[in-house]
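Beneath this line is the structure, given in structure tokens, with notes to follow.
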Amino acid sequence: MAEEDAQALVAQSTEVAAPAPKKMKKVVRKKRPARAQVDPDFITSEPPPQTGTIFNIWYNKWSGGDREDKYLSKTPAKGRCNIARDSGYTQADKHPGAHFCLFFARGICPKGQDCEYLHRLPGVHDLYSPNVDCFGRDKFSDYRDDMGGVGSFLRSNRTIYIGRINSSDDIEEVVARHAAEFGQIERIRVLNSRGVGFVTYVNEANAQFAKEALAHQAFDHNEVLNVRWATADPNPMAQAREARRTEEQAADAIRRALPAEFVAELEGRDPEARKRRKIESSYGLEGYEAPDDIHFARGAQAVNPIGRRGFELEDEQQRLMLEMANDQQQNGGYGGDGSMAALPAPPTRQEEDGIFSNSTLAALQSAKATAAPKAKPKAVAGGPLVAYGSDDDDDDE
């Protein structure tokens with residue numbers, strides 16, 4: 001018995017205990033609620049100061065212009081938006097497609113997390129209708145005379161004009177530092193001698209947000225900025241750059257719409273497809289290669305097999321409709337047994353570049369009835385004046 005106990009003790013001592021599983025504590029970061037920027041009593045409804053003789057009900061201001069009005073245009077803003085401190089979730093985060101808070105952009109929103117609008121910066125995924133801006137305000141067909149207000153829906157403007165900047169040696173760095181708080185910047189141009197700058201944002205919504213956030217603000221000095229929409233740049237290089245950007249956006253949209261095989265073949269990333277294209281697009285002619293708009297066309301008669309996908313069912317429906325149309329013409333609109341010929345099933349797919357599908361157009365052409373030619377009036381012998389009486393007195397008629 002003593003020997004067996006000793007062997008058992010030796011066996012137990014040689015076993016290695018499995019390490020105890022470590023407890024992982026899952027850290028859940030809660031979203032920070034939006035901060036109330038001002039006290040609710042701070043917001044008071046006051047009529048605009050009278051700076052003219054005529055009150056414009058559309059713009060809620062007195063006539064006289066903002067540029068020469070030293071009482072209205074040079075009044076400092078009541079608040080300033082601090083993105084790092086004031087951003088957070090609100091009630092609008094529960095509703096996709098919500099607009100941004102205009103008072104938050106101006107730094108005077110008293111509601112905080114109870115606000116029904118977004119309290120953050122616009123991003124690339126915040127897309128709205130061209131008829132409204134990121135704050136939900138309706139645009140007009142043309143800009144105001146002073147290039148202020150909401151803007152125009154006829155032009156996608158991403159550039160804002162900033163005037164009354166205090167001229168200094170580091171004016172470009174000052175403008176870039178303050179303007180970058182409200183979105184990614186594509187280009188900055190500063191005229192130091194005139195104290196103005198042009199800031200172009202990557203996203204149009206960021207330009208709309210920055211225009212309201214920088215209005216009547218100050219950079220590093222006590223100036224009161226004049227922020228407006230920038231007019232179209234007459235520089236040919238700027239126009240070419242904007243046209244190239246538009247083309248790149250259109251090409252990117254087309255790239256996402258086309259099949260992956262088409263994109264790989266267009267960009268030359270598929271060598272086998274390149275060899276196949278040389279054979280398919282030659283049409284048996286040595287040295288000939290069909291252009292892209294022909295080779296990559298989509299339809300039942302497409303050269304590329306990928307372009308014929310989805311059109312097989314339409315070809316079958318077109319054949320059935322043609323057969324039915326021929327039977328109706330031969331039997332007077334009835335089948336061989338005297339009953340009405342069954343109509344084919346309606347097409348399930350329409351052409352992308354037209355209203356009617358190919359099968360519908362073929363049926364309309366086959367069912368077109370040939371109208372009988374009208375009978376020509378018989379010519380009366382004697383000339384065209386035979387029906388009229390003569391100028392002879394003996395003529396009874």
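Under the 4.5 Å side-chain criterion, counting only non-hydrogen atoms from C-beta, Gln239 is not in contact with Asp233. Contact of the Asp114 side chain with the Gln91 side chain is registered, since non-hydrogen atoms from C-beta on lie closer than 4.5 Å. Under the 4.5 Å side-chain criterion, counting only non-hydrogen atoms from C-beta, Ser87 is in contact with Arg32. Residues Thr231 and Phe198 are not in side-chain contact: their nearest non-hydrogen atoms beyond the backbone lie 4.5 Å or more apart. Between Leu102 and Arg137, the closest side-chain pair of non-hydrogen atoms falls below 4.5 Å. Side chains of Ile165 and Leu225 form a contact here, defined as non-hydrogen atoms less than 4.5 Å apart. Considering only heavy atoms from C-beta on, Phe100 comes within 4.5 Å of Phe135 through its side chain. For the pair Lys139/Ser152, no side-chain contact is recorded, criterion being any heavy-atom separation below 4.5 Å from C-beta on.
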(message) Between Arg255 and Asp252, does the salt bridge (Lys or Arg N to Asp or Glu O under 4.0 Å) criterion hold? Intermediate values first, please.
(response) CA-CA 5 Å; Arg255 188 180 294 106; Asp252 186 45; 3.7 Å; yes

(message) Applying side-chain contact (heavy atoms from CB on, under 4.5 Å) to Asp93 and Leu118, what does each step give before you reach the verdict?
(response) CA-CA 7 Å; Asp93 291 323; Leu118 298 174; 3.1 Å; yes

(request) List the steps and the verdict of side-chain hydrogen bond (donor to acceptor under 3.5 Å, both in side chains) for Tyr143 and Asn157. (result) CA-CA 11 Å; Tyr143 288 95; Asn157 199 344; 3.3 Å; yes

(request) Just do the side-chain contact (heavy atoms from CB on, under 4.5 Å) check on Tyr201 and Glu186 with the steps written out, would you? (result) CA-CA 5 Å; Tyr201 287 88; Glu186 179 179 307; over 6 Å; no

(message) As a quick check of understanding, evaluate side-chain contact (heavy atoms from CB on, under 4.5 Å) for Thr159 and Val199, giving each step before the final call.
(response) CA-CA 5 Å; Thr159 304; Val199 181; over 6 Å; no

(message) One pair to check against side-chain contact (heavy atoms from CB on, under 4.5 Å): Val196 and Tyr161. What are the steps and the verdict?
(response) CA-CA 7 Å; Val196 299; Tyr161 161 87; 3.3 Å; yes

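For Asp220, the salt bridge (charged side-chain N to carboxylate O under 4.0 Å, His left out) criterion is met by Arg177, not counting sequence neighbours. Under the rule for a side chain to side chain contact (heavy atoms under 4.5 Å, CB included), the partners of Pro110 that lie at least two apart in sequence or sit in another chain are Val38, Pro40, Ile43. Not counting sequence neighbours, the partners of Asn82 by the side chain to side chain contact (heavy atoms under 4.5 Å, CB included) test are Ala84, Arg85, Asp86. Residues forming a side chain to side chain contact (heavy atoms under 4.5 Å, CB included) with Val132 (at least two apart in sequence, or on another chain): His99, Tyr128, Ser129, Asp138.
Note: the hydrophobic cluster containing Ile185 also contains Val227 (ILVMFWY, side chain heavy atoms under 4.5 Å, direct or indirect links). Under the 4.5 Å side-chain heavy-atom criterion for grouping Ile, Leu, Val, Met, Phe, Trp and Tyr, Ile83 is connected to Val175 within one hydrophobic cluster. Ile108 is not connected to Tyr117 by any chain of hydrophobic side-chain contacts under 4.5 Å among Ile, Leu, Val, Met, Phe, Trp and Tyr, and they are in different clusters. Cluster membership check: Val263 shares its hydrophobic cluster with Ile254, using side-chain heavy-atom separations under 4.5 Å among Ile, Leu, Val, Met, Phe, Trp and Tyr.
If you chain together ILVMFWY residues whose side-chain heavy atoms come under 4.5 Å of each other, Met237 ends up in a group of its own.
By the 6.0 Å contact criterion, CG on Asp169 is open, its count of non-hydrogen atoms from other residues, nucleotides or ligands being 12 or less. Atom CZ of Arg80 sits in a crowded spot, with more than 12 heavy atoms from other residues, nucleotides or ligands closer than 6.0 Å. More than 12 heavy atoms of other residues, nucleotides or ligands shown are found within 6.0 angstrom of CG on Asn131. Within a 6.0 Å radius of CD in Glu173, other residues, nucleotides and ligands contribute more than 12 heavy atoms.
For residues 240-249, the pairs satisfying side chain to side chain donor-acceptor pair (under 3.5 Å) are Arg158-Glu242, with sequence neighbours left out.
To the nearest 0.5 angstrom, Cys109 atom SG is 8.5 Å from Phe104 atom CZ. In this structure, Ile160 CD1 and Thr200 OG1 are separated by 9.0 Å, a value rounded to the nearest 0.5 Å. The CD atom of Glu204 sits 10.5 Å away from atom CG of Leu127, with the distance rounded to the nearest 0.5 Å. Here the CG atom belonging to Leu214 is positioned 12.0 Å from the CG atom belonging to Asn226, to the nearest 0.5 angstrom. With rounding to the nearest 0.5 Å, the separation of CD1 in Ile171 from CD1 in Ile188 is 11.0 Å. One finds the CG atom of Asn192 at 6.5 Å from the OG atom of Ser168 (value rounded to the nearest 0.5 Å).
Using bins of under 30°, 30° to 60° and over 60° for the plane-to-plane angle, the ring pair Phe182/Phe209 lands in the tilted bin.
Annotation for Gln217 and Gly79: closest pair NE2-O, 2.6 Å, computed over non-hydrogen atoms.
Inspection of the Thr90 and Gln113 side chains reveals no N or O donor paired with an N or O acceptor under 3.5 Å.
In this structure, Arg106 pairs ionically with Glu212, as a charged nitrogen and a carboxylate oxygen lie closer than 4.0 Å.
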